[in-house]
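Ligands are counted one by one from 1 in listed order, and the atoms in each one are counted from 1 as well. We're numbering straight along the sequence, starting at 1.
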Amino acid sequence: MNQPSHTGVPLRLRSDAWYSGSDRDAFLHRAWSRRGLPADAFDGRPQIALVNTASDFTPCNAHLDEVARYVRDGVHESGGIALNLPTVSLGETLVRPTSMLWRNLAAMAAEELMRANPIDAVVLLGGCDKTIPALLMAAASVDLPALVVPGGPMLTGTFRGQALGCGTDVWRLSEEVRSGALSEADFRAAESSMIRSRGHCNTMGTASTMGLMAAALGMVPPGLAGTPAPDSRLLSGANAAGRLILDVLAADRRPSQVITRASFHNAIVTLSAIGGSTNAVVHLLALAGRLGVPLSLADFDEIGAEVPLLVNLQPAGRHLMEDFHRAGGLAAVLDEVRDLLDPTAITVTGRTLVEEIGDAQIWDEDVIRRRATPLQPAAGIAVLFGSLAPAGAVIKPAAASPHLLTHRGPAVVFDSIEDFHARIDDPQLPVTPDSVLILRGCGPRGYPGMPEVSNMPLPSRLLAQGVRDMVRICDGRMSGTAYGTVVLHVAPEAAAGGPLALVRTGDMIVLDVPGRRIDVEVDPAQWAARQPSEAMLAACANPQRGWQRLYVDHVGGAETGVDLDFLRGSSGDAVGRPSH
Ligand code: FES
């Protein structure tokens with residue numbers, strides 16, 4: 001009989017398959033694992049894995065080893081045994097060609113490690129853009145009791161008395177250098193002022209968004225998501241999370257019970273209210289695919305489009321995550337949209353997300369707006385369909401220029417990001433402020449990996465004329481910290497036979513965000529006679545071995561979350577055959 005948990009609930013432990021009994025294998029497993037653990041470590045004490053993406057190559061997650069120590073303390077205080085499980089880590093800024101190429105690899109590695117080892121429950125530690133999505137996908141597919149401890153955002157950087165948001169201000173400053181408004185020396189000087197502390201990007205970019213999405217889905221201990229990385233409350237929250245995971249295990253509360261259709265509803269409402277990253281669309285679709293929860297691209301529009309933007313953070317607004325936390329954080333936002341949330345969705349505590357809002361308050365009404373004074377009245381992610389995107393495309397109206405949301409203009413087409421860089425400042429390029437810049441071959445299969453190249457820099461000569469936004473269309477993604485009138489995730493992608501491959505420079509493109517349409521106006525007979533751009537096909541990757549070969553052979557489209565076909569669904573936590 002195992003020990004009761006600290007809550008008094010008797011536990012049946014998966015790790016018993018390794019540690020209980022007196023046979024040779026149990027001896028082997030216990031003897032090799034002791035290494036200073038308490039003498040009763042394997043006598044029915046729950047084995048909790050701290051699935052940890054700390055890495056010096058993922059600077060945003062480099063502090064997670066310290067956070068893990070506080071989780072470990074909490075686990076031990078509640079009678080469990082905490083064990084560090086380092087796993088694949090992906091740093092957004094360094095990994096080439098794009099960290100998205102390895103999100104599924106990171107998810108697969110974490111899933112298999114969780115299943116292969118004597119683990120009863122997991123605490124997932126992530127921060128940088130892909131790490132929390134990969135860990136959630138892994139936990140969903142192995143379906144062990146789990147919770148997420150997000151690493152938290154960095155503090156606000158400042159340069160010459162002004163706040164600098166990482167990501168968003170990089171794009172702004174680099175455009176100012178190209179337009180001649182900022183010297184290269186000043187640009188370099190700003191570089192050392194931007195990243196002021198540990199933690200992930202401090203805008204409402206993908207990392208901030210996914211930490212809050214994990215919370216809206218119910219997978220984060222209430223109140224923890226969005227706590228700045230250097231804030232001591234993150235460490236005390238990590239300790240509490242270490243205690244809580246024993247309760248989650250005792251209740252046998254698994255991701256498949258917490259993350260339901262109702263949770264996705266709440267996540268989409270939250271995504272709109274916070275002005276979150278478009279990358280959340282692909283990550284949530286992939287997660288739903290792991291759990292078998294019906295979720296489509298259209299759901300993001302239907303559930304989220306009319307939700308007001310309440311959070312005044314870059315890139316849609318002005319402030320940064322440190323301000324968001326000071327102003328009341330996620331609970332304060334959820335309180336404002338309480339009536340739009342599904343009250344049935346639970347969290348890792350067993351109580352509902354709505355119950356966990358408690359008596360949250362807004363402490364700064366410029367940072368977190370009231371429903372009566374939103375930053376934008378209806379600012380969810382818009383999903384477009386049309387002759388250019390039969391399977392869908394997305395745009396974030398909150399980050400776009402209102403005057404461009406309805407636009408008709410001639411295409412200027414680029415067959416690769418290299419082609420774009422080579423020609424965008426060519427004086428002969430037939431580009432005007434009305435042109436529609438199109439970049440293709442940047443989808444999951446074509447690049448490969450669907451990089452964040454869609455927010456193409458504008459031509460220097462138009463920047464010098466004061467143009468600051470143009471309609472841009474791409475089958476890739478956009479950084480969650482970026483802004484502009486950019487149509488993303490065009491599906492099917494050009495390399496998979498999508499109509500984007502047939503567009504030519506000069507074709508008339510019609511964007512109608514209010515009507516949810518993206519179309520190309522070409523004579524149907526002419527269109528039917530066209531072949532995919534050979535230059536685009538030549539530029540697309542054709543890897544011959546390794547992960548990249550596996551990836552291009554099996555990756556799905558943006559409209560289903562860019563997961564591998566054989567990774568959708570769940571394999572559960574079944575214990576494997578003996579190793580000896
Ligand atoms: Fe890691 Fe932005 S680069 S969160």
Novice: Looking only at side-chain N and O atoms, does Arg233 offer a donor or acceptor that is under 3.5 Å from a partner on Thr227?
Specialist: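 Judged by distance alone, the side chains do not pair up.
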Novice: Will you find, in the side chains of Asn279 and Arg477, an N or O donor that is under 3.5 Å from an N or O acceptor?
Specialist: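 Short answer, yes.
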Novice: Measuring only between side-chain heavy atoms, which start at C-beta, is Met114 closer than 4.5 Å to Leu124?
Specialist: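 Counting from C-beta outward, Met114 and Leu124 do come under 4.5 Å.
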Novice: Return yes if a side-chain donor-acceptor contact under 3.5 Å exists between Asp129 and His200, otherwise no.
Specialist: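 Result is no, nothing qualifies.
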Novice: Sequence neighbours left out, what pairs pass side-chain hydrogen bond (donor to acceptor under 3.5 Å, both in side chains) with at least one residue falling in residues 56-66?
Specialist: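 Residue pairs passing side-chain hydrogen bond (donor to acceptor under 3.5 Å, both in side chains), neighbours aside: Asn52-Asp65, Thr53-Asn61, Thr58-Ser89, Asn61-Thr131, Glu66-Arg198.
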Novice: Could you tell me whether the side chains of Thr209 and Thr206 share a donor-acceptor contact shorter than 3.5 Å?
Specialist: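 No, no side-chain donor-acceptor pair sits under 3.5 Å.
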Novice: Protein N/O/S atoms under 2.8 Å of atom 1 (Fe) of ligand 1?
Specialist: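 Listed by chain and number: Cys60 SG, Cys128 SG.
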